[in-house]
Participant: 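Handing you a structure now.
Since we're looking at a predicted model, the values are computed, not measured.
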Amino acid sequence: MSNLTNGFHQERGVNGNGHTNGNGTTDGNASSSGGSRSSSSSDGPLRRRKSTPMMPPFMVSAPGKVIVFGEHAVVHGKAAIAASISLRSYLHVTTLSKSRRTITLRFPDIDLVHSWHIDDLPWELFSHPSKKKYYYDLVTSLDTELLASIQPHLGDVSLNKSPNERKIHQNSAACFLYLFLSLGSQKFHGCVYTLRSTIPIGAGLGSSASIAVCMSAALLLQIRTLSGPHPDQPSDEARLQIERINRWAFVAEMAMHGNPSGVDNTVATQGKAVVFQRTDYDKPPVVTPLWDFPELPLLLVDTRTPKSTAAEVAKVQKLKDTHQKLVGSILDAVDKVTRTAEGLIDEDTFDATEDESLRRMGELIAINHGLLASLGVSHPRLERVRELIDYKGLGWTKLTGAGGGGCSITLMRPGVSPDSLGELQGRLEAEGYAQFKTTLGGDGIGVLWPAVLKNGTDEDDDGGMEIDLNKFLYAPGTEGVEKLVGVHGGTGEREGWKFWRVESR
């Protein structure tokens with residue numbers, strides 16, 4: 001198991017697929033100083049340069065995340081575990097004809113649509129030798145001059161929206177443009193980037209990191225600097241591709257949030273789960289992947305109660321200041337729960353399909369919630385969810401994230417009857433909760449290239465249904481999106497989607 005800083009391995013040398021630049025050339029045809037094509041006598045005037053075919057429509061998808069163990073204790077230097085959930089963002093990329101020199105960003109879930117003329121963007125500054133970054137670079141901070149050069153191109157984004165909506169839209173646009181200008185070039189074809197998400201926004205479920213990972217992966221695919229994914233890809237090569245996507249997703253997160261931890265984008269990229277710990281706030285957290293984290297059945301419930309992370313963190317700090325030894329011992333106990341869960345997953349005998357293993361994991365979830373409730377960060381709406389589930393013996397429930405509202409997660413007991421589950425869901429719906437039956441610890445970034453899926457229609461006989469822009473754009477709600485393009489259909493993983501999968505060493 002390898003440790004990462006800010007979620008990143010240090011990448012060494014040339015990558016595993018032979019590329020040394022961001023323009024799709026290989027190291028046999030690129031200079032070491034930046035990847036421009038070298039000239040030589042062998043490339044005589046009669047040698048024609050091959051044309052580049054237009055890319056087919058394709059899609060990428062990345063998951064959201066939840067904190068499974070360690071909330072609040074992590075603020076005080078303890079460990080926490082975050083894991084992916086099967087609620088996902090989906091980005092559809094359409095390449096336009098060569099004469100159409102625009103890029104369009106379209107996020108209908110937040111009612112954002114905006115276009116830029118490619119030639120009007122600040123390429124000169126982004127491509128200057130003192131500023132230029134390549135796909136293999138490790139970028140740990142944003143260049144303020146580059147950020148400033150983007151600002152004039154955000155001024156007319158969503159002019160008819162409220163100030164709060166405009167801020168969200170402009171942050172999304174800045175995130176996208178920073179990545180596009182860093183990884184792309186002025187020779188880029190026009191494109192339409194359309195995003196749909198099944199992850200509730202603003203619920204602490206990593207929706208922005210999921211989007212950042214999708215953007216990073218799409219652009220790296222467009223400049224042909226990723227290999228795979230394919231089923232027989234060696235784990236080391238898959239790690240390299242995951243790391244490359246993760247690095248640039250972190251850049252996007254910095255453009256969006258300023259000083260992210262790197263945890264959300266790491267989980268959204270690699271899937272599964274991570275242990276993270278930050279003992280020194282002057283340094284980035286240490287992030288350890290849990291590549292063998294099992295897939296677990298999860299009920300995610302949104303209380304639809306507004307929360308303030310800052311207020312809940314301050315509440316715990318005030319309690320600690322008043323009762324230092326007592327609260328310190330509670331935080332130590334939370335840390336022990338986290339480390340016990342980590343050890344449980346590593347046990348050779350742990351089996352996510354076996355009742356005893358799930359019971360042990362569930363008990364840790366329940367203990368963690370009790371400790372968090374003792375710190376005063378639960379909420380009556382969260383306790384009501386726990387009460388309903390405990391009363392029927394359906395699973396083990398805890399708050400996830402800062403608490404004070406927000407979401408809860410429940411590890412479901414095996415063999416829960418459809419009638420019992422239906423009764424619970426009906427009660428939650430009647431009391432105004434939003435609920436999502438999901439899976440914990442699933443795949444990370446996925447690719448559908450080309451955007452063709454088999455959906456149980458007559459088109460399957462001809463290779464499948466092409467997911468064109470209109471079908472994707474107008475799929476009704478989250479259920480419509482999942483039915484059309486979801487990585488999992490009713491009978492399991494859908495044919496077409498591929499993932500970079502890594503097993504522990």
Participant: Apply side-chain hydrogen bond (donor to acceptor under 3.5 Å, both in side chains) to the pair R88 and T198, showing each step before the final yes or no.
Facilitator: CA-CA 6 Å; R88 304 178 69 93; T198 65; over 6 Å; no

Participant: Ignoring hydrogens and angles, tell me if any N or O in the side chain of Q170 forms a donor-acceptor pair with the backbone of L154 under 3.5 Å.
Facilitator: yes

Participant: Side chains of S208 and H257: donor-acceptor distance under 3.5 Å anywhere?
Facilitator: yes

Participant: Report yes if the side chains of F176 and I103 come closer than 4.5 Å at any heavy-atom pair, otherwise no.
Facilitator: yes

Participant: Determine whether V93 and Q222 make a side-chain contact, defined as any pair of heavy atoms from C-beta on separated by less than 4.5 Å.
Facilitator: yes

Participant: State, without any angle test, whether D109 and S197 hold a side-chain donor-acceptor pair at a distance under 3.5 Å.
Facilitator: no

Participant: Answer yes if the ring centres of F180 and W123 are under 6.0 angstrom apart, and no otherwise.
Facilitator: yes

Participant: Please indicate whether Q151 has more than 12 foreign heavy atoms, meaning atoms of other residues, nucleotides or ligands, lying under 6.0 Å from its CD.
Facilitator: yes

Participant: Quick check against the 3.5 Å criterion: does N368 have a side-chain atom that pairs as donor or acceptor with the backbone of T338?
Facilitator: no

Participant: So do K272 and L290 actually touch side chain to side chain, heavy atoms under 4.5 Å?
Facilitator: no

Participant: Between R244 and T225 (side chain of the first, backbone of the second, donor and acceptor by atom type, cut-off under 3.5 Å), is there such a pair?
Facilitator: yes

Participant: Between L87 and T438, what is the shortest heavy-atom contact and its length?
Facilitator: N-OG1, 3.7 Å

Participant: Do D468 and P57 touch side chain to side chain, with heavy atoms closer than 4.5 Å?
Facilitator: no

Participant: Of the non-hydrogen atoms in M55 and W449, which two are nearest, and what is the gap between them?
Facilitator: SD-CH2, 3.5 Å

Participant: We want to know whether E165 and S158 form a side-chain donor-acceptor pair, criterion being a heavy-atom distance below 3.5 angstrom.
Facilitator: no

Participant: Should we count CG of N164 as having more than 12 external heavy atoms under 6.0 Å?
Facilitator: no

Participant: Evaluate the side-chain proximity of L179 to V251: yes if any heavy-atom separation is below 4.5 Å, no if none is.
Facilitator: yes

Participant: Look only at the side chain of S84 and the backbone of K65, and say whether a donor-acceptor pair between them is shorter than 3.5 Å.
Facilitator: no

Participant: Could you check whether any side-chain N or O of Q241 sits under 3.5 Å from a backbone N or O of S227, counting only pairs where one atom can act as donor and the other as acceptor?
Facilitator: yes

Participant: Please determine whether the number of non-hydrogen atoms from other residues, nucleotides or ligands lying under 6.0 Å from atom CD of E479 exceeds 12.
Facilitator: no

Participant: Could you state the interatomic distance from SG (C175) to CD (E253), rounded to the nearest 0.5 Å?
Facilitator: 7.5 Å

Participant: With rounding to the nearest 0.5 angstrom, report the CD1 to CG distance, I211 to L91.
Facilitator: 9.0 Å

Participant: Quick one: is the NZ or CZ of R381 closer than 6.0 Å to the six-membered ring centre of Y433, and within 45° of its axis?
Facilitator: yes

Participant: Does any N or O in the side chain of S210 come within less than 3.5 Å of the main-chain N or O of A62, such that one atom is a donor and the other an acceptor?
Facilitator: yes

Participant: Is there side-chain contact between H189 and R100, with at least one heavy-atom pair below 4.5 Å?
Facilitator: no

Participant: Do you see a donor-acceptor pair shorter than 3.5 Å between the side chains of T397 and T410?
Facilitator: yes

Participant: Are E482 and Y90 linked by a side-chain donor-acceptor pair shorter than 3.5 Å?
Facilitator: yes

Participant: Is the shortest heavy-atom distance from the side chain of L181 to the side chain of L146 under 4.5 Å?
Facilitator: no

Participant: Are E431 and R384 close enough for a salt bridge, meaning some N to O gap below 4.0 Å?
Facilitator: yes

Participant: How far does CE of M59 sit from CG of L484, to the nearest 0.5 angstrom?
Facilitator: 7.5 Å

Participant: Please give me the minimum heavy-atom distance between D335 and A79, naming the atom from each residue.
Facilitator: OD1-N, 3.0 Å

Participant: For D236, does its backbone N or O pair with a side-chain atom of Q233 as donor and acceptor, under 3.5 Å?
Facilitator: no

Participant: Is there a side-chain contact between L453 and W497 (heavy atoms, below 4.5 Å)?
Facilitator: yes

Participant: Output the distance between atom CG (L448) and atom CD (E495), rounded to the nearest 0.5 Å.
Facilitator: 10.5 Å

Participant: Step by step, work out the side chain to side chain contact (heavy atoms under 4.5 Å, CB included) result for I67 and I81.
Facilitator: CA-CA 6 Å; I67 306 297; I81 294 177; over 6 Å; no

Participant: Quick check: closest heavy atoms across S115 and T104, and the distance to 0.1 Å?
Facilitator: OG-OG1, 2.6 Å

Participant: Just how far is it from atom CZ of R106 to atom CZ of R196, taken to the nearest 0.5 Å?
Facilitator: 10.5 Å

Participant: For H379 and G405, which heavy atoms make the closest approach, and how far apart are they?
Facilitator: CB-N, 3.6 Å

Participant: Could you give me the CA-CA distance, side-chain angles and deciding distance for M215 and L105, then say whether side chain to side chain contact (heavy atoms under 4.5 Å, CB included) is met?
Facilitator: CA-CA 11 Å; M215 288 180 176; L105 192 59; 4.3 Å; yes

Participant: With a 3.5 Å distance limit and no angle check, can you tell me whether T266 reaches the backbone of G262 through a side-chain donor-acceptor pair?
Facilitator: yes

Participant: Consider only side-chain N and O atoms of N171 and H169, and report whether a donor and an acceptor are under 3.5 Å apart.
Facilitator: no

Participant: To the nearest 0.5 Å, tell me how far L394 CG sits from R413 CZ.
Facilitator: 8.5 Å

Participant: Does K132 have more than 12 heavy atoms from other residues, nucleotides or ligands lying within 6.0 Å of its NZ?
Facilitator: yes

Participant: Measure from the side-chain N and O atoms of T102 to the backbone N and O of W116, and report whether any donor-acceptor pair falls under 3.5 Å.
Facilitator: no

Participant: Do you know which two heavy atoms are closest between D137 and W248, and how far apart they sit?
Facilitator: O-NE1, 4.2 Å

Participant: What do the steps show when you test E295 against L440 for side chain to side chain contact (heavy atoms under 4.5 Å, CB included), and what is the final call?
Facilitator: CA-CA 5 Å; E295 293 191 10; L440 189 70; over 6 Å; no

Participant: Please confirm whether the backbone N or O of Q277 pairs with a side-chain atom of K78, one donor and one acceptor, at under 3.5 Å?
Facilitator: no

Participant: According to the interplanar angle, ranging from 0 to 90°, do the rings of F126 and Y178 count as parallel (below 30°), tilted (30 to 60°) or perpendicular (above 60°)?
Facilitator: perpendicular

Participant: Given side chain to side chain contact (heavy atoms under 4.5 Å, CB included), test H72 with V334 step by step and report yes or no.
Facilitator: CA-CA 9 Å; H72 287 284; V334 173; over 6 Å; no

Participant: Could you walk me through whether E243 and R247 pass the salt bridge (Lys or Arg N to Asp or Glu O under 4.0 Å) test, one step at a time?
Facilitator: CA-CA 6 Å; E243 181 55 28; R247 285 185 176 189; 3.5 Å; yes

